[in-house]
Amino acid sequence: MYTSISASQWGSPTAPRRALLIHGITTCSNSWESFAQLLAVEGFFVVAPNLLGHAWRRGTDYSLSAFAEDLKPYLVQDMSYDVIIGHSLGGTVALSLLPFLPEGKETTVILLDPPLELTEEKVTKKKDMFREVVANVKTADEHIVENPPLSQDDGVSRAPGISKCDCTVVEAIFWHNRPWSFSGLFENIAPTVKITVLVADPKLSDVCYLEHIPRDIERLNARVLPGIGHFIHYESPDAVMDVIPLRRAKL
């Protein structure tokens with residue numbers, strides 16, 4: 001893995017395919033470490049940018065459109081991606097990038113438990129929860145104790161991102177995106193783009209619900225993963241890999 005303040009990278013830049021991974025709120029690019037390694041083994045060059053407000057990157061506008069504008073340089077024609085995966089807030093950011101995808105490029109977009117519709121009550125609840133997260137940074141071992149599905153490596157990769165965010169950023173993200181309503185971003189999916197939304201078990205996560213995802217749009221699929229919580233790429237990486245078209249050797 002190569003890491004800078006702007007992004008982390010895995011695999012060879014000359015690999016035949018590329019994947020863009022977008023992290024969630026209060027995490028950072030290296031939180032994708034374990035999953036990115038799986039993609040690199042499958043022949044992908046993997047890039048995970050650090051969102052504004054994270055990994056010491058600061059700004060003044062934390063609206064969804066500002067996140068998308070910041071990531072547009074990753075989507076120029078000679079740097080297009082075969083697969084784009086976003087977790088949590090990163091999933092909603094990935095959705096906002098759809099208009100900027102290169103025309104004619106076959107792209108698989110996977111959204112992992114993205115927050116699409118939040119009531120004002122839930123916005124306040126989530127804001128207070130994340131303020132507490134960044135105000136009281138936990139160790140990797142504490143994360144693993146609270147989230148048993150996390151491996152040691154996952155716990156280690158999650159902890160640093162929290163320490164590089166702060167309460168001001170958390171406040172701004174929720175304030176700049178009111179009202180929190182982004183299901184409409186599924187409209188006008190290009191014919192070369194296929195989107196899959198993987199939703200955590202509603203008994204374990206209250207972030208995303210099937211009823212917030214349109215059901216009458218072509219090239220859009222969604223399903224709930226029973227028994228899997230919000231951190232889908234940690235808890236069930238195979239469920240994500242199963243959605244990615246992989247080039248297997250012919251027998």
Side-chain angles (χ1 to χ4, degrees), residues 1-24 27-52 54-55 57 64-114 157 182 185-198 217-222 232-233 237-248:
M1 176 179 68
Y2 167 78
T3 299
S4 69
I5 192 172
S6 59
S8 296
Q9 300 176 358
W10 296 262
S12 170
T14 61
R17 295 199 293 168
R18 295 173 178 265
L20 184 71
L21 310 182
I22 307 174
H23 67 78
T27 60
C28 64
S29 61
N30 63 7
S31 66
W32 289 102
E33 169 69 21
S34 295
F35 188 79
Q37 293 287 2
L38 295 178
L39 286 172
V41 168
E42 291 290 346
F44 282 88
F45 175 53
V46 185
V47 177
N50 286 308
L51 292 176
L52 284 174
H54 300 76
R57 297 190 66 221
L64 205 63
S65 59
F67 284 126
E69 283 290 331
D70 182 60
L71 296 184
K72 277 176 65 176
Y74 288 92
L75 299 174
V76 294
Q77 191 63 45
D78 60 347
M79 272 286 287
S80 59
Y81 291 85
D82 302 276
V83 176
I84 298 174
I85 305 174
H87 171 249
S88 196
L89 173 65
T92 316
V93 172
L95 192 56
S96 71
L97 287 173
L98 294 183
F100 307 127
L101 297 184
E103 293 184 12
K105 170 68 176 177
E106 293 283 345
T107 309
T108 297
V109 178
I110 305 172
L111 312 180
L112 307 179
D113 213 35
S157 65
F182 299 111
L185 294 174
F186 284 108
E187 297 178 2
N188 303 318
I189 299 175
T192 53
V193 175
K194 180 180 179 181
I195 301 177
T196 298
V197 186
L198 298 180
I217 296 180
E218 292 185 20
R219 301 175 302 282
L220 171 60
N221 298 298
I232 294 172
H233 55 304
D238 287 347
V240 187
M241 294 296 290
D242 286 346
V243 183
I244 300 171
L246 300 176
R247 294 175 179 175
R248 302 296 188 185

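Values below: every heavy atom of this structure, side chains too, minus hydrogens, waters and symmetry copies. Start at 1 with the first residue, then count along the sequence.
Atoms CZ and CZ, from Arg17 and Phe44 in turn, are 3.5 Å apart once rounded to the nearest 0.5 Å. For the atom pair Leu95 CG and Leu185 CG, the distance stands at 4.5 Å (nearest 0.5 Å). Atom CG of Asn50 is separated from atom OG of Ser8 by 6.0 Å, given to the nearest 0.5 angstrom. A distance of 4.0 Å separates CZ in Arg57 from CG in Asp70, rounded to the nearest 0.5 Å. Separating the CG atom in Asn30 from the CH2 atom in Trp10 is a distance of 7.0 Å, to the nearest 0.5 Å.
By the 30° and 60° cut-offs, the orientation of the rings of Phe67 relative to His54 is tilted. Below 30°, between 30° and 60°, or above 60°: for His87 and His233 the angle between ring planes is between 30° and 60°, a tilted geometry.
With hydrogens and angles ignored, the 3.5 Å screen pairs no side-chain donor or acceptor of Asp113 with any backbone N or O of Ser88. At distances below 3.5 Å, not a single donor-acceptor pair connects side-chain atoms of His23 with backbone N or O atoms of Trp32.
The two residues Ser31 and Cys28 make their nearest non-hydrogen contact at OG-O, 2.6 Å. Shortest non-hydrogen contact noted between Tyr74 and Ser6 is OH-O, 3.6 Å. When all heavy atoms are compared, the tightest approach of Val46 to Ala40 is CG2-N, 4.2 Å. Considering every non-hydrogen atom in both Ser96 and Ala68, the closest pair reads OG-CB, 3.4 Å. Residues Ala7 and Pro49 share a closest heavy-atom pair of CB-CA, 3.8 Å. Heavy atoms only, all atoms of each residue included: Pro114 and Val197 are closest at CD-CG1, 3.8 Å.
A heavy-atom distance below 4.5 Å is not found between the side chains of Leu38 and Val240. Between Asn221 and Val243 the shortest side-chain heavy-atom distance does not fall below 4.5 Å. Using a 4.5 Å heavy-atom cutoff, the side chains of Leu51 and Thr27 are not in contact. Between Lys105 and Tyr81 the shortest side-chain heavy-atom distance does not fall below 4.5 Å. The shortest side-chain heavy-atom distance between Leu39 and Val83 does not fall under the 4.5 Å cut-off. No side-chain heavy atom of Ile85 sits less than 4.5 Å from a side-chain heavy atom of Leu20. Residues Leu97 and Ile22 meet the side-chain proximity criterion, which asks for heavy atoms closer than 4.5 Å. Side-chain atoms of Phe186 and Leu111, non-hydrogen and from C-beta on, do get closer than 4.5 Å to each other.
Residue pairs satisfying the ring pair (Phe, Tyr, Trp, His ring centres under 6.0 Å) criterion with at least one member in residues 88-109, sequence neighbours excluded, are absent.
Annotation: ring-ring contact (aromatic ring centres under 6.0 Å, His included) contacts of Phe182 (sequence neighbours excluded): Trp180. Looking at residues two or more places apart in sequence or on another chain, you find no salt bridge (charged side-chain N to carboxylate O under 4.0 Å, His left out) involving Glu106.
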Practice task
Show your reasoning for whether side-chain contact (heavy atoms from CB on, under 4.5 Å) applies to Thr107 and Thr192.
Solution key: CA-CA 6 Å; Thr107 309; Thr192 53; 5.7 Å; no
Problem - Step-by-step side-chain contact (heavy atoms from CB on, under 4.5 Å) determination, Ile217 to Ile195 - result: CA-CA 10 Å; Ile217 296 180; Ile195 301 177; over 6 Å; no
Handout entry: Criterion side-chain contact (heavy atoms from CB on, under 4.5 Å) on Val47 and Leu21, from CA distance to verdict
Key = CA-CA 6 Å; Val47 177; Leu21 310 182; over 6 Å; no
